[in-house]
Amino acid sequence: MKDEANARIEEEAIIAMLMMRAKALGEKNASDALSYEAEDSVEFSLAPPLVYYGQDEAGLQAWFDTWDGPIGGEVRDARLTAGKDVAFWSGLMRMTGTKTDGTAVDLWFRQTLGLVKQDGRWLVAHQHASVPFAMDGSGRALLDLKP
């Protein structure tokens with residue numbers, strides 16, 4: 001019973017951290033958002049290049065500055081598996097908002113997060129976001145899929 005209680009406490013801590021991180025991302029606060037990531041994090045994001053290493057506050061803030069107003073979001077089909085000091089989260093993410101050029105964004109994508117517990121805090125150490133692509137040889141990203 002003690003192990004189950006401890007596991008639940010860790011899961012709640014991870015979920016709380018992810019909620020605070022999501023709030024910082026939605027509010028376009030790069031410093032706060034990165035405070036929930038390991039300094040040596042690895043990111044496979046939707047935007048080029050193929051991989052980012054470490055934290056890039058200036059780059060994240062520059063991306064935030066391409067949005068007019070907050071960035072909205074929604075999560076579906078979230079799954080969390082937590083161990084003593086390593087955890088794995090995955091889910092379907094929706095990103096909504098308006099870009100500074102007036103373009104409306106409403107995009108569903110897949111996200112996977114690898115988390116580590118460092119100095120008693122859960123942090124994102126690895127993140128991977130992706131969208132499916134057409135398997136017809138065109139290589140076209142499928143941006144209009146919805147759960």
Side-chain angles (χ1 to χ4, degrees), residues 4 6-57 59-118 121-147:
E4 288 178 25
N6 287 341
R8 186 67 192 148
I9 289 168
E10 294 300 338
E11 288 174 7
E12 289 173 1
I14 291 167
I15 291 166
M17 180 277 290
L18 292 174
M19 296 294 287
M20 291 183 290
R21 180 176 174 266
K23 182 178 187 286
L25 290 167
E27 294 175 349
K28 303 184 301 188
N29 187 324
S31 177
D32 277 359
L34 292 175
S35 74
Y36 301 105
E37 295 184 16
E39 288 186 24
D40 61 348
S41 63
V42 176
E43 180 179 358
F44 301 111
S45 77
L46 296 173
L50 288 174
V51 63
Y52 291 94
Y53 295 102
Q55 297 183 359
D56 180 9
E57 185 174 341
L60 181 57
Q61 191 61 56
W63 180 73
F64 285 158
D65 292 344
T66 68
W67 292 82
D68 184 22
I71 302 169
E74 179 182 344
V75 177
R76 290 215 188 142
D77 302 332
R79 295 179 185 209
L80 174 63
T81 302
K84 181 179 174 184
D85 57 5
V86 176
F88 175 91
W89 181 96
S90 65
L92 298 176
M93 302 289 298
R94 184 181 189 191
M95 180 172 38
T96 61
T98 305
K99 302 295 275 185
T100 55
D101 67 3
T103 302
V105 174
D106 187 351
L107 171 68
W108 282 96
F109 61 97
R110 307 171 289 200
Q111 186 167 52
T112 303
L113 302 174
L115 305 129
V116 294
K117 192 171 185 182
Q118 294 179 348
R121 291 183 64 217
W122 284 100
L123 300 169
V124 175
H126 176 93
Q127 49 190 315
H128 186 143
S130 66
V131 296
F133 68 92
M135 301 300 288
D136 61 5
S138 69
R140 181 177 49 93
L142 300 175
L143 304 177
D144 58 349
L145 298 178
K146 296 183 182 7

Kindly check if the number of other-residue, nucleotide or ligand heavy atoms within 6.0 Å of NZ (K146) is above 12?
yes
Inspect the surroundings of CE in M20 and state if more than 12 heavy atoms from other residues, nucleotides or ligands are less than 6.0 Å away.
yes
Nearest atoms (heavy-atom pairs only) where [X] meets [Y]:
{"X": "A33", "Y": "A24", "result": "N-CB, 3.5 Å"}
{"X": "L92", "Y": "P147", "result": "CD1-CB, 3.8 Å"}
{"X": "S35", "Y": "L123", "result": "O-CD2, 3.7 Å"}
{"X": "T112", "Y": "S90", "result": "OG1-CB, 4.1 Å"}
{"X": "T96", "Y": "G73", "result": "OG1-N, 4.1 Å"}

Test side chain to side chain donor-acceptor pair (under 3.5 Å) applied to [X] - qualifying residues, sequence neighbours left out:
{"X": "S130", "result": "R110"}
{"X": "K28", "result": "none"}
{"X": "Q118", "result": "none"}
{"X": "D65", "result": "Q61"}

According to ring pair (Phe, Tyr, Trp, His ring centres under 6.0 Å), does anything in residues 62-94 pair up with another residue at least two apart or in another chain? List the pairs.
W63-W67
Strictly by salt bridge (Lys or Arg N to Asp or Glu O under 4.0 Å), give each pair with a member in residues 92-103 just once, sequence neighbours left out.
E74-R94, R94-D106
Salt bridge (Lys or Arg N to Asp or Glu O under 4.0 Å) pairs, two or more places apart, involving residues 35-52:
R21-E37
Under the side chain to side chain contact (heavy atoms under 4.5 Å, CB included) rule, collect the residues that match up with [X], sequence neighbours excluded.
{"X": "A87", "answer": "I14, L80, A82, L115, W122"}
{"X": "S31", "answer": "N29, E57"}
{"X": "V131", "answer": "L46, L107, F109, A141, L143"}
{"X": "A104", "answer": "none"}

Got a salt bridge between R8 and E12, using NZ or NE/NH1/NH2 to carboxylate O under 4.0 Å?
yes
Who are the ring-ring contact (aromatic ring centres under 6.0 Å, His included) partners of F44, not counting sequence neighbours?
H126, H128
Which distance, rounded to the nearest 0.5 Å, do you find between the CG of L25 and the CG of L18?
10.5 Å
Using only atom types and a distance under 3.5 Å, with no angle test, would you say the side chain of Q111 pairs donor to acceptor with the backbone of M93?
no
Pick out which of K117, R121, K84 makes a salt bridge (Lys or Arg N to Asp or Glu O under 4.0 Å) with E10.
K117
